[in-house]
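These numbers come from the heavy atoms of this one structure, side chains and all, not from hydrogens, waters or symmetry mates. Every chain is numbered from 1 and lettered A, B, ... according to where its sequence line falls, protein lines coming before strand lines.
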Amino acid sequence: MQTEWRDSIALPRLLRESRIVPRSFYAQGTAAAARSLLGKFLVHGRAAGRIVETEAYLGRGDPAAHAYRGSTERTRVIFGPPGHAYVYFIYGMYECLNLVTEPDGVAGCVLIRAVEPVAGIELMRARRPGARSVEELASGPGKLTCAFDITRRHYGADVTRGELTVRALRHEAPFKILETPRIGIAVAADLPLRFVIAGSRFASR
DNA sequence: GGTAGGATGGGCT
DNA sequence: GCCCATCCTACCC
(Lines give C-alpha, C1' and ligand atoms only; values in the text may rest on other atoms or scores of the structure.)
Protein backbone atom coordinates (compact mmCIF):
# COMPACT_ATOMS: atom_id res chain seq x y z
CA MET A 1 0.00 0.00 0.00
CA GLN A 2 1.14 3.53 -0.69
CA THR A 3 0.63 4.77 2.85
CA GLU A 4 4.00 3.39 3.94
CA TRP A 5 5.89 5.90 1.85
CA ARG A 6 3.89 8.99 2.60
CA ASP A 7 5.37 12.48 2.49
CA SER A 8 9.04 13.50 2.68
CA ILE A 9 10.55 10.85 0.41
CA ALA A 10 7.28 10.17 -1.37
CA LEU A 11 7.33 12.66 -4.23
CA PRO A 12 10.81 11.84 -5.63
CA ARG A 13 10.02 8.16 -5.28
CA LEU A 14 6.62 8.52 -6.92
CA LEU A 15 8.07 10.46 -9.85
CA ARG A 16 10.81 7.85 -10.25
CA GLU A 17 8.53 4.82 -10.07
CA SER A 18 5.67 6.12 -12.20
CA ARG A 19 4.99 7.60 -15.61
CA ILE A 20 2.42 10.04 -16.90
CA VAL A 21 -0.80 8.39 -18.01
CA PRO A 22 -0.95 8.83 -21.82
CA ARG A 23 -3.81 10.46 -23.70
CA SER A 24 -4.93 7.12 -25.18
CA PHE A 25 -5.83 5.99 -21.63
CA TYR A 26 -8.54 8.65 -21.42
CA ALA A 27 -10.20 7.54 -24.67
CA GLN A 28 -11.04 4.02 -23.43
CA GLY A 29 -14.62 5.07 -22.57
CA THR A 30 -15.86 7.03 -19.61
CA ALA A 31 -17.03 4.24 -17.28
CA ALA A 32 -13.89 2.19 -18.00
CA ALA A 33 -11.69 5.24 -17.46
CA ALA A 34 -13.42 5.98 -14.14
CA ARG A 35 -12.56 2.46 -12.95
CA SER A 36 -9.03 2.58 -14.32
CA LEU A 37 -8.27 5.95 -12.73
CA LEU A 38 -8.50 4.32 -9.30
CA GLY A 39 -4.99 3.73 -7.99
CA LYS A 40 -3.50 6.39 -10.29
CA PHE A 41 -1.81 9.44 -8.79
CA LEU A 42 -2.87 13.05 -9.01
CA VAL A 43 0.16 15.37 -8.92
CA HIS A 44 0.09 19.16 -8.66
CA GLY A 45 3.36 20.82 -7.66
CA ARG A 46 4.52 19.29 -4.37
CA ALA A 47 1.13 17.77 -3.67
CA ALA A 48 0.38 14.20 -4.72
CA GLY A 49 -2.25 11.65 -3.86
CA ARG A 50 -3.66 8.31 -4.88
CA ILE A 51 -7.10 8.43 -6.49
CA VAL A 52 -9.48 6.29 -4.42
CA GLU A 53 -12.94 7.42 -5.60
CA THR A 54 -14.34 8.47 -9.00
CA GLU A 55 -17.65 8.97 -10.80
CA ALA A 56 -18.44 8.66 -14.51
CA TYR A 57 -20.56 11.33 -16.24
CA LEU A 58 -21.46 10.04 -19.66
CA GLY A 59 -22.49 13.14 -21.61
CA ARG A 60 -25.43 13.37 -24.01
CA GLY A 61 -27.87 10.73 -22.86
CA ASP A 62 -26.86 11.01 -19.19
CA PRO A 63 -29.33 13.44 -17.59
CA ALA A 64 -27.04 13.81 -14.55
CA ALA A 65 -24.13 15.07 -16.66
CA HIS A 66 -23.39 18.75 -17.20
CA ALA A 67 -22.90 17.92 -20.89
CA TYR A 68 -26.45 16.56 -21.15
CA ARG A 69 -27.79 19.91 -22.38
CA GLY A 70 -25.06 20.33 -24.96
CA SER A 71 -21.94 22.44 -25.26
CA THR A 72 -21.97 25.80 -23.47
CA GLU A 73 -19.24 28.19 -22.41
CA ARG A 74 -18.87 26.20 -19.19
CA THR A 75 -19.06 22.67 -20.64
CA ARG A 76 -17.26 23.02 -23.96
CA VAL A 77 -14.06 21.34 -22.72
CA ILE A 78 -16.07 18.15 -22.02
CA PHE A 79 -16.72 17.95 -25.78
CA GLY A 80 -13.05 18.45 -26.62
CA PRO A 81 -10.11 16.03 -26.76
CA PRO A 82 -9.49 13.59 -23.86
CA GLY A 83 -6.94 14.07 -21.12
CA HIS A 84 -7.93 17.63 -20.24
CA ALA A 85 -9.29 19.05 -16.97
CA TYR A 86 -12.89 20.18 -16.61
CA VAL A 87 -13.00 22.27 -13.43
CA TYR A 88 -16.28 23.87 -12.36
CA PHE A 89 -17.43 26.03 -9.49
CA ILE A 90 -20.35 24.86 -7.35
CA TYR A 91 -22.42 25.99 -4.36
CA GLY A 92 -20.71 29.36 -4.50
CA MET A 93 -17.66 27.96 -2.74
CA TYR A 94 -16.18 24.81 -4.15
CA GLU A 95 -14.32 23.70 -7.25
CA CYS A 96 -14.64 20.17 -8.67
CA LEU A 97 -12.09 18.41 -10.87
CA ASN A 98 -13.07 16.19 -13.81
CA LEU A 99 -10.96 14.58 -16.51
CA VAL A 100 -12.29 14.46 -20.08
CA THR A 101 -12.60 10.81 -21.19
CA GLU A 102 -14.05 10.62 -24.69
CA PRO A 103 -12.64 11.36 -28.16
CA ASP A 104 -12.80 14.90 -29.54
CA GLY A 105 -16.41 15.75 -30.37
CA VAL A 106 -17.93 13.28 -27.87
CA ALA A 107 -18.91 14.31 -24.34
CA GLY A 108 -17.80 12.39 -21.25
CA CYS A 109 -15.75 12.99 -18.14
CA VAL A 110 -14.79 11.49 -14.79
CA LEU A 111 -15.23 13.35 -11.51
CA ILE A 112 -12.32 12.82 -9.12
CA ARG A 113 -14.12 12.46 -5.78
CA ALA A 114 -11.41 11.52 -3.30
CA VAL A 115 -7.66 11.14 -3.03
CA GLU A 116 -5.35 9.51 -0.49
CA PRO A 117 -2.67 12.12 0.33
CA VAL A 118 0.85 10.87 -0.35
CA ALA A 119 3.10 13.93 -0.67
CA GLY A 120 2.82 17.59 0.35
CA ILE A 121 0.69 16.77 3.36
CA GLU A 122 1.83 19.80 5.39
CA LEU A 123 0.90 21.98 2.42
CA MET A 124 -2.53 20.33 2.33
CA ARG A 125 -3.00 20.87 6.07
CA ALA A 126 -2.23 24.57 5.61
CA ARG A 127 -4.75 24.80 2.78
CA ARG A 128 -7.40 22.93 4.79
CA PRO A 129 -6.96 24.10 8.38
CA GLY A 130 -10.30 22.59 9.40
CA ALA A 131 -9.29 19.03 8.54
CA ARG A 132 -8.71 17.00 11.68
CA SER A 133 -6.89 14.07 10.10
CA VAL A 134 -5.05 13.02 6.95
CA GLU A 135 -8.15 11.05 6.05
CA GLU A 136 -10.19 14.28 5.89
CA LEU A 137 -7.74 16.30 3.77
CA ALA A 138 -9.00 15.21 0.36
CA SER A 139 -12.00 12.91 1.04
CA GLY A 140 -14.46 14.73 -1.24
CA PRO A 141 -14.47 16.55 -4.59
CA GLY A 142 -14.47 20.03 -3.02
CA LYS A 143 -11.93 19.07 -0.37
CA LEU A 144 -9.35 17.64 -2.76
CA THR A 145 -9.35 20.67 -5.06
CA CYS A 146 -8.78 22.84 -2.00
CA ALA A 147 -5.98 20.60 -0.68
CA PHE A 148 -4.35 20.51 -4.13
CA ASP A 149 -5.05 24.18 -4.98
CA ILE A 150 -6.92 23.21 -8.15
CA THR A 151 -9.23 25.97 -9.40
CA ARG A 152 -10.91 27.14 -12.58
CA ARG A 153 -7.55 28.48 -13.72
CA HIS A 154 -6.90 24.81 -14.59
CA TYR A 155 -9.97 24.72 -16.83
CA GLY A 156 -8.90 22.92 -20.02
CA ALA A 157 -5.42 22.07 -18.69
CA ASP A 158 -3.73 19.12 -20.42
CA VAL A 159 -3.09 16.54 -17.68
CA THR A 160 -0.68 14.56 -19.86
CA ARG A 161 1.86 17.39 -19.52
CA GLY A 162 2.41 20.49 -17.39
CA GLU A 163 1.98 21.22 -13.70
CA LEU A 164 -1.18 19.15 -13.16
CA THR A 165 -0.76 15.52 -14.18
CA VAL A 166 -1.99 11.99 -13.55
CA ARG A 167 0.65 9.29 -13.14
CA ALA A 168 0.61 5.49 -12.92
CA LEU A 169 3.00 3.34 -10.90
CA ARG A 170 4.92 0.93 -13.08
CA HIS A 171 3.94 -1.80 -10.62
CA GLU A 172 0.45 -1.21 -9.29
CA ALA A 173 -0.69 -3.30 -6.33
CA PRO A 174 -4.03 -5.01 -6.98
CA PHE A 175 -7.19 -3.87 -5.16
CA LYS A 176 -10.91 -4.54 -5.17
CA ILE A 177 -13.33 -2.00 -6.66
CA LEU A 178 -16.71 -1.13 -5.18
CA GLU A 179 -19.46 0.11 -7.55
CA THR A 180 -22.29 2.28 -6.21
CA PRO A 181 -24.74 4.93 -7.45
CA ARG A 182 -23.37 8.44 -7.85
CA ILE A 183 -23.59 10.83 -4.92
CA GLY A 184 -25.51 14.10 -4.77
CA ILE A 185 -27.63 13.72 -7.90
CA ALA A 186 -31.40 13.44 -8.28
CA VAL A 187 -31.70 11.97 -11.80
CA ALA A 188 -30.24 8.70 -13.09
CA ALA A 189 -29.57 7.96 -9.44
CA ASP A 190 -29.81 4.21 -10.00
CA LEU A 191 -26.80 3.78 -12.29
CA PRO A 192 -23.70 2.24 -10.65
CA LEU A 193 -21.25 4.82 -11.97
CA ARG A 194 -19.37 5.60 -8.75
CA PHE A 195 -16.19 3.60 -8.19
CA VAL A 196 -14.27 3.27 -4.93
CA ILE A 197 -11.19 1.34 -3.85
CA ALA A 198 -12.80 -1.11 -1.44
CA GLY A 199 -11.95 -0.43 2.18
CA SER A 200 -10.18 2.88 1.59
CA ARG A 201 -10.35 5.19 4.61
CA PHE A 202 -9.78 8.15 2.29
CA ALA A 203 -13.05 7.92 0.31
CA SER A 204 -15.84 10.46 0.85
CA ARG A 205 -18.00 7.81 2.58
C1' DG B 1 -22.16 7.54 16.38
C1' DG B 2 -25.72 10.38 13.50
C1' DT B 3 -28.24 14.22 10.65
C1' DA B 4 -30.60 18.91 9.49
C1' DG B 5 -29.80 23.32 7.88
C1' DG B 6 -27.29 27.11 6.04
C1' DA B 7 -23.52 29.36 3.39
C1' DT B 8 -22.82 31.31 -1.22
C1' DG B 9 -22.52 32.61 -6.36
C1' DG B 10 -22.57 31.07 -11.15
C1' DG B 11 -25.28 28.72 -14.79
C1' DC B 12 -29.29 28.17 -17.12
C1' DT B 13 -34.67 28.31 -17.89
C1' DG C 1 -35.54 32.89 -9.82
C1' DC C 2 -34.26 28.33 -9.06
C1' DC C 3 -31.03 24.76 -8.97
C1' DC C 4 -27.12 22.78 -7.82
C1' DA C 5 -21.79 16.42 -9.25
C1' DT C 6 -20.58 20.31 -1.47
C1' DC C 7 -18.97 21.03 3.09
C1' DC C 8 -19.15 22.50 7.81
C1' DT C 9 -21.39 23.41 12.11
C1' DA C 10 -24.58 22.68 15.57
C1' DC C 11 -27.01 19.67 17.88
C1' DC C 12 -28.74 15.09 19.15
C1' DC C 13 -28.25 10.52 20.46
Side-chain angles (χ1 to χ4, degrees), chain A residues 26 29-35 37-38 42 47 49 51-80 82 84-102 106-117 124-157 159 164 166 177-197 199-205:
Chain A
Y26 297 95
T30 296
R35 278 180 150 275
L37 277 164
L38 295 178
L42 183 67
I51 297 170
V52 299
E53 179 180 348
T54 61
E55 280 176 1
Y57 285 89
L58 305 181
R60 313 302 304 259
D62 178 3
H66 289 172
Y68 179 63
R69 293 166 209 287
S71 181
T72 66
E73 186 169 2
R74 179 177 66 147
T75 62
R76 89 189 134 67
V77 72
I78 308 173
F79 292 79
H84 292 260
Y86 165 51
V87 184
Y88 68 90
F89 187 59
I90 190 150
Y91 295 115
M93 271 176 269
Y94 303 107
E95 317 266 354
C96 291
L97 169 68
N98 297 250
L99 303 175
V100 178
T101 48
E102 294 286 344
V106 182
C109 61
V110 172
L111 172 68
I112 309 301
R113 279 197 59 91
V115 158
E116 171 180 348
M124 296 185 197
R125 283 193 197 280
R127 289 168 176 161
R128 286 191 29 77
R132 281 181 266 179
S133 65
V134 179
E135 283 85 351
E136 290 179 6
L137 282 174
S139 58
K143 299 180 194 176
L144 77 91
T145 53
C146 182
F148 278 71
D149 187 31
I150 294 167
T151 68
R152 281 163 290 172
R153 76 183 186 280
H154 295 100
Y155 183 91
V159 299
L164 175 65
V166 176
I177 297 176
L178 215 65
E179 296 181 14
T180 82
R182 294 172 290 186
I183 291 174
I185 58 169
V187 290
D190 52 326
L191 302 178
L193 292 175
R194 171 174 174 260
F195 304 95
V196 191
I197 291 184
S200 174
R201 292 152 27 232
F202 299 86
S204 67
R205 58 182 71 173

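- First and last contacts of DNA chain C with chain A, using any nucleotide atom under 4.0 Å from a protein heavy atom and ordered 5' to 3', fall at dC4(C) to dC8(C).
- Atom OH of Y155(A) and atom C1' of dG10(B) are 14 Å apart (whole Å).
- In this structure, T72(A) does not reach the dG11(B) phosphate: none of its side-chain N or O atoms is under 4.0 Å from OP1 or OP2.
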Report summary line: Under the rule of Watson-Crick or G-U wobble with both distances under 3.5 Å, where | means paired to another strand and [ ] a crossing pair, DNA chain C maps to ||||.|||||||.

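- With DNA chain C read from its 5' end, the first of the two nearest nucleotides for R132(A) and R113(A) is the one closest to R113(A).
- No hydrogens or angles considered: nothing links the side chains of R74(A) and T72(A) as a donor-acceptor pair under 3.5 Å.
- Side-chain N/O atoms of R113(A) and S204(A) include a donor and acceptor closer than 3.5 Å.
- Ring centroids of H66(A) and Y57(A) are separated by 6.0 Å or more, keeping the two rings apart.
- For R182(A), the side chain to side chain donor-acceptor pair (under 3.5 Å) partners two or more places apart in sequence, or in a different chain, are D62(A).
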If you restrict it to nitrogen or oxygen atoms, what contacts under 3.5 Å exist between nucleotides 5-8 of chain B and the protein, and what is each distance?
| residue | atom | partner | partner atom | Å |
| --- | --- | --- | --- | --- |
| dT8(B) | O2 | Y91(A) | O | 2.3 |

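- Taking the charged nitrogens against the carboxylate oxygens, K143(A) and E136(A) have no contact shorter than 4.0 Å, which rules out a salt bridge.
- Among the heavy atoms of the strands lying under 4.0 Å from R128(A) are primed sugar atoms or P, OP1, OP2 only; no base atom is included.
- Among the atoms of the strands shown, only primed sugar atoms or phosphate atoms (P, OP1, OP2) are found under 4.0 Å from some heavy atom of R74(A).
- When heavy atoms are screened at a 4.0 angstrom cut-off, I185(A) is found touching the sugar-phosphate backbone but no base atom.
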Query raised in the report: Step by step, would you call E179(A) with R35(A) a salt bridge (Lys or Arg N to Asp or Glu O under 4.0 Å)?
Result: CA-CA 9 Å; E179(A) 296 181 14; R35(A) 278 180 150 275; 2.5 Å; yes

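- At the heavy-atom level, A64(A) lies under 4.0 Å from base atoms of the strands shown.
- Donor-acceptor pairing under 3.5 Å is lacking for the side chains of R76(A) and S71(A).
- The side-chain contact (heavy atoms from CB on, under 4.5 Å) search around E102(A) returns T30(A), V106(A), not counting sequence neighbours.
- A cation-pi contact, defined as under 6.0 Å to the ring centre and within 45° of the axis, links R152(A) to F89(A).
- H84(A) pairs by the ring pair (Phe, Tyr, Trp, His ring centres under 6.0 Å) definition with nothing, not counting sequence neighbours.
- Comment: E53(A) engages R194(A) in a salt bridge, judged by a side-chain N to carboxylate O separation of less than 4.0 angstrom.
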